[in-house]
Amino acid sequence: MNVLLVGLGGNGSKLLVSLARAALALRAMGRTPPHIVAVDPDRVSEANLARQAFAPQDLGRPKAEVLVGKTNLLYGLGWEWRTRPFQPEDLREADIVVSALDSRRARRQVAEALEKRKVELWWVDLGNGDRWGQVVAGNGTKEAPWPHQRLPELIGDEEDEGPSCSVLEALLRQDLLVNDMAAVWAAELLWHLLREKKPPYLGVFYDLDRGTARSIPWAG
């Protein structure tokens, strides 16, 4: 399968490592591992170091290039990166789209491109607040609507917060491990999609303060 990963910030950078492990596991099972194309226009800043999968020596380098390059080297993969914003043509070869974005506007662009393409494929979206988050999956059908059809606020018109300027500011906005939880739940859904082409449920809402997780069942 071809997987398009849009965004390599707090959620996407953690998820990429899990996808590499999934690729190795599938190869060991005699299955074809996924081919990943990762898209992100940003460069690594000091504010990214605590919550995202980057090291101090990565500062100033393009996120997509440094993270996919490291993953390819460590796991013997040939995944691709694109150091620019998402474009509708990125969907051309994708079987699964994963959006790990911190902007409603950017997520809206993905939703609009999917609707115009009119091809049934899976979209997994990751989102979070300071101590809570959700992972929502769908394929645009009645039984499994796309994330923005289930949660219209994902692409709402509200203003998005600007980027954090420091590690401390980043941690005040989003706690240290909130992204790890989103990445784990997304990896679990994608693991089922890669092996079985159908997940057992369509997402999870989680809350770190309450210590809870609630799944999203299939419709009907």
Side-chain angles (χ1 to χ4, degrees), residues 1-16 18-19 22 33-42 63-64 68 79-128 133-160 179 182-183 185-205 215-220:
M1 284 190 178
N2 295 318
V3 179
L4 175 66
L5 174 57
V6 186
L8 288 172
N11 293 331
S13 64
K14 302 290 181 64
L15 177 59
L16 188 71
S18 294
L19 289 174
H35 180 71
I36 309 294
V37 176
V39 180
D40 194 303
D42 295 337
K63 288 184 177 181
V68 178
W79 292 352
E80 301 176 57
W81 67 80
R82 296 170 186 169
T83 57
R84 55 160 176 75
F86 165 81
Q87 296 178 4
E89 54 264 32
D90 292 326
L91 295 173
R92 189 173 297 123
E93 303 297 329
D95 301 301
I96 301 172
V97 180
V98 182
S99 54
L101 300 162
D102 57 6
S103 162
R104 294 182 182 88
R105 179 179 55 82
R107 192 182 283 112
R108 187 160 57 246
Q109 291 173 345
V110 174
E112 291 172 351
L114 281 168
E115 289 176 344
K116 289 179 181 178
R117 190 178 179 210
K118 298 185 183 301
V119 173
E120 183 179 316
L121 53 76
W122 281 95
W123 177 16
V124 179
D125 180 75
L126 294 73
N128 65 276
Q134 75 280 330
V135 176
V136 186
N139 60 8
T141 63
K142 183 178 180 180
E143 295 77 17
W146 276 327
H148 72 292
Q149 295 171 331
R150 183 184 297 277
L151 300 173
E153 61 269 27
L154 293 177
I155 59 171
D157 295 327
E158 295 89 347
E159 291 294 327
D160 298 301
N179 302 116
W185 284 114
E188 169 67 9
L189 284 172
L190 288 164
W191 178 236
H192 283 281
L193 281 172
L194 293 171
R195 287 188 306 160
E196 304 152 13
K197 298 186 178 181
K198 182 178 180 179
Y201 44 85
L202 297 175
V204 169
F205 295 100
S215 65
I216 302 171
W218 283 78

Distance-only donor-acceptor hits, side chain of residues 192-204, under 3.5 Å, sequence neighbours excluded:
unit_1, atom_1, unit_2, atom_2, d
His192, ND1, Glu196, OE1, 3.1
His192, NE2, Glu188, OE2, 2.9

(message) Can you tell me how far apart CG (Leu19) and CH2 (Trp191) are? Round to the nearest 0.5 Å.
(response) 11.0 Å
(request) Mind running side chain to side chain contact (heavy atoms under 4.5 Å, CB included) on Ile216 and Phe205 for me, showing each step along the way? (result) CA-CA 8 Å; Ile216 302 171; Phe205 295 100; 3.5 Å; yes
(request) For residues Thr83 and Ala64, report the shortest heavy-atom separation together with the two atoms involved. (result) CG2-CB, 4.2 Å
(request) Quick one: closest heavy-atom pair of Arg117 and Ala94, and the distance? (result) NH1-O, 3.5 Å
(message) Checking Asn128 now: which residues fulfil side chain to side chain donor-acceptor pair (under 3.5 Å) with it, not counting sequence neighbours?
(response) Asn11, Gln174, Asn179
(message) Testing Leu4, Leu126, Val6 one by one against Val98 for a side-chain contact (heavy atoms from CB on, under 4.5 Å), which residue passes?
(response) Leu126
(request) With sequence neighbours excluded, tell me which residues meet side chain to side chain donor-acceptor pair (under 3.5 Å) with Gln87. (result) none
(request) Please name all residues satisfying side chain to side chain donor-acceptor pair (under 3.5 Å) with Trp185, sequence neighbours left out, ordered by chain then number. (result) none
(message) Rounded at 0.5 Å granularity, tell me how far CZ in Arg150 sits from CD in Gln134.
(response) 11.5 Å
(request) Can you see which heavy atom on Gly10 is nearest to which on Lys14, and at what distance? (result) O-CG, 3.1 Å
(request) Please identify each residue that fulfils salt bridge (Lys or Arg N to Asp or Glu O under 4.0 Å) with Arg84, with sequence neighbours left out. (result) Asp90
(request) Please identify each residue that fulfils salt bridge (Lys or Arg N to Asp or Glu O under 4.0 Å) with Arg92, with sequence neighbours left out. (result) none
(request) Answer with yes or no whether the side chains of Glu93 and His35 bring together a donor and an acceptor at under 3.5 Å. (result) no
(message) Can you give me the closest heavy-atom contact between Leu114 and Leu91, atom names plus distance?
(response) N-CD1, 3.9 Å
(message) Contact between Val3 and Ile36 at the side-chain level, heavy atoms closer than 4.5 Å - yes or no?
(response) yes
(request) Mind checking the CG-CG spacing from Leu190 to Leu5? Nearest 0.5 Å is all I need. (result) 9.0 Å
(request) List in chain and number order the residues that pass side-chain contact (heavy atoms from CB on, under 4.5 Å) with Ala137, two or more places apart in sequence or in another chain; answer none if no residue qualifies. (result) Trp122, Val124, Leu189
(message) Using a 3.5 Å distance criterion without hydrogens, assess whether the side chain of Arg82 forms a donor-acceptor pair with backbone atoms of Ala38.
(response) no
(request) Using distance alone, with no hydrogens and no angle criterion, decide if His148 and Glu115 have a side-chain donor and acceptor under 3.5 Å apart. (result) yes
(message) Please check: side-chain N/O of Ser215 versus main-chain N/O of Pro217, any donor-acceptor pairing under 3.5 Å?
(response) no
(request) Taking Arg108 for its side chain and Ile155 for its backbone only, find out whether a donor-acceptor pair lies under 3.5 Å. (result) yes
(request) Measure from the side-chain N and O atoms of Asp40 to the backbone N and O of Leu8, and report whether any donor-acceptor pair falls under 3.5 Å. (result) yes
(message) If I compare all heavy atoms of Ala100 with all of Gly12, which pair ends up nearest, and what's the gap?
(response) CB-N, 3.5 Å
(request) State, to 0.1 Å, how close Phe86 and Val110 come at their nearest heavy-atom pair, and which atoms those are. (result) CE2-CA, 3.8 Å
(request) Output all residues satisfying side chain to side chain donor-acceptor pair (under 3.5 Å) with Ser99, sequence neighbours left out; order by chain, then residue number. (result) Trp123, Asp125
(message) Among residues at least two apart in sequence or on other chains, which ones pass salt bridge (Lys or Arg N to Asp or Glu O under 4.0 Å) with Lys63?
(response) none
